[in-house]
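Throughout, protein chains are lettered first and strands after them, A, B, ... in sequence-line order, and every chain is numbered starting at 1.
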Amino acid sequence: MESNGEHGEEWSPSVATRRSPVYHPGFDDHGRPRVNLDDLTPSQRQAVQHVDGPLLVLAGPGSGKTRVVTRRIAHLVEQGVHPGEILAITFTNKAAREMQERVDALLPGTRVFISTFHRFCARLLRRHADHVGLHPNYTIADTTDQRALLRVVLDELDVDGVHFPAAKLNAAISKAKNDLLRPDDYTARFAESIGNHEQAVVARVYPAYQKRLLEANSVDFDDLLLHVHEMLRDSPELRRDLDERFRYVLVDEYQDTNAAQYEIVRALSIDKPNLCVTGDPDQSIYGWRGAKIENILRFERDYPGATVVRLQENFRSTKAVLRAADALIVHNKKRKAKSLVTDNDEGPAVELRVFRDARHEAESIAADVRRAVESGERTYSDFAVCYRVNSLSREIEVAFRRDGVPSQVAAGVSFFERVEVKDVLAYLKLALNPADRVAFRRIVNKPVRGIGKKSVSTLLAHADAKGLTPLEAASKATAVPGLTKRGANALARFAEWYDSFDLANAGSVAGLLRTIVDRTGYTAAWKSSSSEDDLQRLANVEEMLAVAARYDAEHPDDPSLEAFLESVSLASEVDSLDPDAGEVTLMTLHAAKGLEFPVVYLVGVEHNLLPHERSLNSPDGSGLEEERRLLFVGMTRAREQLVLTRTERRDVRGRSLHSIPSDFLREMQSELLVRDLARDEFDVSQEAEPTPARRHTARTRPEGQPLLTTGAALLDGGRRDAVPLPVGFALGMQVRHPRYGRGTIVDLGGYSKHRTVTVEFETDARRETFVAAKSPLQPIGVG
DNA sequence: CAGGCCGTGCTTTTT
DNA sequence: GCACGGCCTG
């Protein structure tokens with residue numbers, strides 16, 4: 001309790017400050033307890049009412065886990081536990097936000113510290129950076145930065161970057177870090193390994209890479225955990241303080257914790273072992289990034305006297321869905337036996353539909369969805385389409401767009417990873433952390449200033465030797481040996497120009513960003529360009545400014561650059577999914593965890609895809625079991641209807657290959673209703689043909705009609721290769737809206753994602769403005 | 001030093 | 001099939 005006052009500040013604004021003792025948040029104004037227990041099952045209630053000591057909640061899919069966790073938090077507060085003593089850790093920002101909202105709904109104004117592992121560690125590291133040789137203004141290197149840095153290291157160590165690509169080495173280093181293997185440990189273990197070239201190379205590269213990161217006052221994703229683990233391990237006082245400070249710790253999705261996360265949680269639960277973990281071994285799908293399913297399996301041994309609560313009743317899915325999911329998962333050997341039971345209806349049978357190829361598969365689903373929505377039976381947001389690999393989304397996106405089915409994609413490449421966004425962010429990073437060599441390299445010649453790679457390397461070598469920041473070295477570039485006169489002058493000019501920015505006084509984050517964009521003239525060339533790509537880039541930078549402005553507005557009390565960059569670095573694409581967007585959601589099976597939809601299509605249930613070929617050669621079959629769990633997770637997202645699909649041919653990297661049905665299908669065949677649509681007389685696409693909107697889209701864009709807006713495909717798809725929306729909106733164009741009927745476009749505004757279209761409709765001269773990318777508007781030719 | 005072309009290798013999943 | 005990095009040329 002004592003520690004709250006002192007540390008409380010640190011965690012604001014996420015943690016409420018101490019309340020007046022008179023107010024008791026566990027009760028409403030009439031003295032009734034807020035935490036309702038009546039609508040809980042006995043085991044749910046047991047978990048909610050558990051206060052002290054370790055607690056393991058084994059929660060099957062759809063068993064009301066979030067409800068239990070949030071109620072339990074509320075119950076703890078009701079029991080007099082101060083909200084500031086509770087720490088809840090999730091894996092995704094989305095889960096954290098949701099939990100925050102639900103706790104807030106139960107006990108308005110109560111702000112518990114709810115955070116993802118990485119964010120929690122980032123904060124902690126900010127506060128105690130000196131423990132691990134960092135400064136509080138450290139920056140976070142994302143995957144692109146990591147690879148860029150690795151390439152520099154490879155260059156220096158004269159490692160052949162062709163046989164040992166940065167991405168691969170990065171994965172190896174990441175894996176080592178996840179297993180708590182630090183450079184020295186790794187080198188000690190693998191330096192001698194003759195049999196494995198890659199390990200020998202990593203043993204050389206890893207220490208150099210880590211040194212460079214530290215030099216740049218930077219950390220990668222894994223370091224966030226690793227550094228915190230180190231400080232907790234090496235500073236008993238700090239560990240004890242935090243253990244005391246967070247008397248009640250909750251960890252969600254515990255089956256997905258890796259070695260570092262496990263140790264961190266452990267360290268916070270020694271003196272006050274009020275640790276509650278929730279999870280489901282059957283939903284462990286992150287083994288490939290170091291998650292240890294054993295962590296949850298051995299919880300009772302790790303925390304003696306632990307209470308174990310099993311939530312087996314499923315409130316989400318139909319009996320048919322659960323039987324199929326169960327038929328599949330029982331084939332896993334390494335597993336705690338658990339059955340899925342529900343009082344829900346039987347529901348329609350789980351179907352397996354077989355198609356000729358991916359195009360038929362996609363078009364059939366699109367037609368299906370349209371039919372259900374047009375008949376009023378469903379809305380678009382009732383549907384999800386899940387797949388094993390991101391590349392499968394493409395065919396679906398295309399078919400949906402062709403058919404006028406609105407969709408949103410949780411894609412692998414995020415907005416924040418686009419080059420132009422990264423460039424602008426690198427300026428911000430350098431402003432925060434002048435030591436950041438990765439950021440410096442990125443922006444020193446952007447826009448082009450005549451500073452080449454050679455000059456930069458020479459300069460940075462000098463800076464390293466003299467202990468200067470890159471900018472300090474650049475300002476005295478003429479005195480740096482080895483630089484050409486031209487290079488030195490350009491560098492000195494750059495440094496002088498940069499210093500004249502007065503970044504410190506730019507005020508808000510948005511102000512700072514605006515200053516940077518204006519002063520660099522970064523976007524200038526694009527403004528006059530007519531190329532679609534350039535306009536897109538411009539729009540992305542504008543969007544970045546909007547993101548910053550939004551951040552400023554949401555954090556008037558904390559306009560700090562580090563907090564902004566942190567939130568940007570730790571944002572993920574799944575976080576941007578909007579369940580109420582009125583769109584079909586397309587995502588990978590991994591991204592689907594924790595979500596639910598009335599109707600789920602699970603495409604590409606084929607051998608080498610699901611299970612993925614890369615999982616097949618794991619020696620103990622653990623890879624295969626994880627694939628099975630992945631399918632299990634996907635299936636159990638469905639509330640009412642589940643459709644699995646496979647095709648007979650599929651394009652893999654350009655080649656069309658014959659596909660083999662997944663073994664998983666055989667394992668649950670008794671629960672599947674098989675419909676072979678591959679040998680039908682009629683083309684699926686023809687069957688679905690005669691709908692009005694479809695005919696309209698077929699002649700959507702008359703010859704010569706300029707593509708005036710960019711669509712959801714370019715932005716939401718997040719990929720450069722996304723097919724541009726075949727639909728351009730232009731002034732005067734005739735469009736149709738499903739509710740308002742025919743109309744004419746009378747105004748256009750904004751760019752890309754925020755492109756707006758104002759339409760005057762024929763009925764009652766109604767005027768409406770839509771966000772182009774999200775609107776159901778269908779062009780019907782030019783008026 | 002910059003821009004363009006060519007070849008490789010990629011794709012499993014992500015904080 | 002594509003995107004990226006590396007290489008070569010101007």
Exercise. For His612(A) and Phe117(A), take the nucleotide of DNA chain B holding the closest heavy atom to each; which residue's nucleotide lies nearer the 5' end?
Worked result: His612(A)
For this session: Not counting sequence neighbours, which residues clear side chain to side chain donor-acceptor pair (under 3.5 Å) with Asp357(A)? List them please.
Result: His360(A)
Exercise. With respect to the phosphate group of dT15(B), does any side-chain polar atom (N or O) of Thr92(A) fall under 4.0 Å of OP1 or OP2?
Worked result: no
For this session: Using ring pair (Phe, Tyr, Trp, His ring centres under 6.0 Å) as the criterion, list what pairs up with Phe440(A), not counting sequence neighbours.
Result: none
Exercise. Between Glu253(A) (CD) and dT15(B) (C1'), how many Å, whole number?
Worked result: 13 Å
For this session: Just jot down the side chain to side chain donor-acceptor pair (under 3.5 Å) partners of Thr90(A), sequence neighbours excluded, or say none.
Result: none
Exercise. Counting any heavy atom closer than 4.0 Å, what does Arg151(A) reach on the DNA or RNA strands: base, sugar-phosphate only, or nothing?
Worked result: sugar-phosphate
Problem set entry | Sequence-distant partners of Lys292(A), salt bridge (Lys or Arg N to Asp or Glu O under 4.0 Å), two or more places apart | Asp179(A)
Exercise. Going through the distances and angles, do Val547(A) and Phe564(A) end up as a side chain to side chain contact (heavy atoms under 4.5 Å, CB included)?
Worked result: CA-CA 10 Å; Val547(A) 169; Phe564(A) 173 72; 4.2 Å; yes
Exercise. Taking atom C1' of dT15(B) as reference, at what distance in whole Å does atom CG of Asp145(A) sit?
Worked result: 15 Å
Seminar exercise, completed: Within residues 622-637 of chain A, those residues having any heavy atom closer than 4.0 Å to DNA chain B are none
For this session: Rounded to the nearest angstrom, tell me the gap between atom CG in Asp252(A) and atom C1' in dT15(B).
Result: 15 Å
Exercise. Which whole-number value in Å describes the distance from Gln146(A) CD to dT15(B) C1'?
Worked result: 11 Å
Problem set entry | Donor + acceptor pair across side chains of Ser662(A), Glu606(A) (<3.5 Å) | no
Exercise. Considering residues at least two apart in sequence or located in another chain, which fulfil the side chain to side chain donor-acceptor pair (under 3.5 Å) criterion with Arg266(A)?
Worked result: Tyr303(A)
Exercise. Once you round it to whole Å, what is the distance between C1' of dG6(C) and CZ of Arg147(A)?
Worked result: 16 Å
For this session: For Ser174(A), enumerate each residue passing the side chain to side chain donor-acceptor pair (under 3.5 Å) test, keeping only those at least two apart in sequence or located in another chain.
Result: Asp222(A)
For this session: Would you tell me if any nitrogen or oxygen in the side chain of Asn390(A) comes within less than 4.0 Å of OP1 or OP2 on dT14(B)?
Result: yes
Exercise. How long is the line joining CG of Asn489(A) and C1' of dC1(B), in whole Å?
Worked result: 15 Å
Exercise. Taking the six-membered ring for Trp, does Trp288(A) stack with dT13(B) (centroid gap under 5.5 Å, planes within less than 30°)?
Worked result: yes
Which atom pairs link the protein and nucleotides 2-5 of chain B when you take only N or O atoms and keep those under 3.5 Å?
{"unit_1": "dA2(B)", "atom_1": "OP1", "unit_2": "Asn445(A)", "atom_2": "ND2", "d": "3.4"}
{"unit_1": "dA2(B)", "atom_1": "OP1", "unit_2": "Gly450(A)", "atom_2": "N", "d": "3.1"}
{"unit_1": "dA2(B)", "atom_1": "OP2", "unit_2": "Asn445(A)", "atom_2": "ND2", "d": "3.2"}

Exercise. How close or far is atom C1' of dT15(B) from atom CD1 of Ile285(A), stated in whole angstroms?
Worked result: 13 Å
Problem set entry | Partners passing ring pair (Phe, Tyr, Trp, His ring centres under 6.0 Å) against His590(A) (at least two apart in sequence or in another chain) | Tyr286(A), Trp288(A)
For this session: Could you state the atom-to-atom distance from CG of Asp256(A) to C1' of dT13(B) in whole Å?
Result: 12 Å
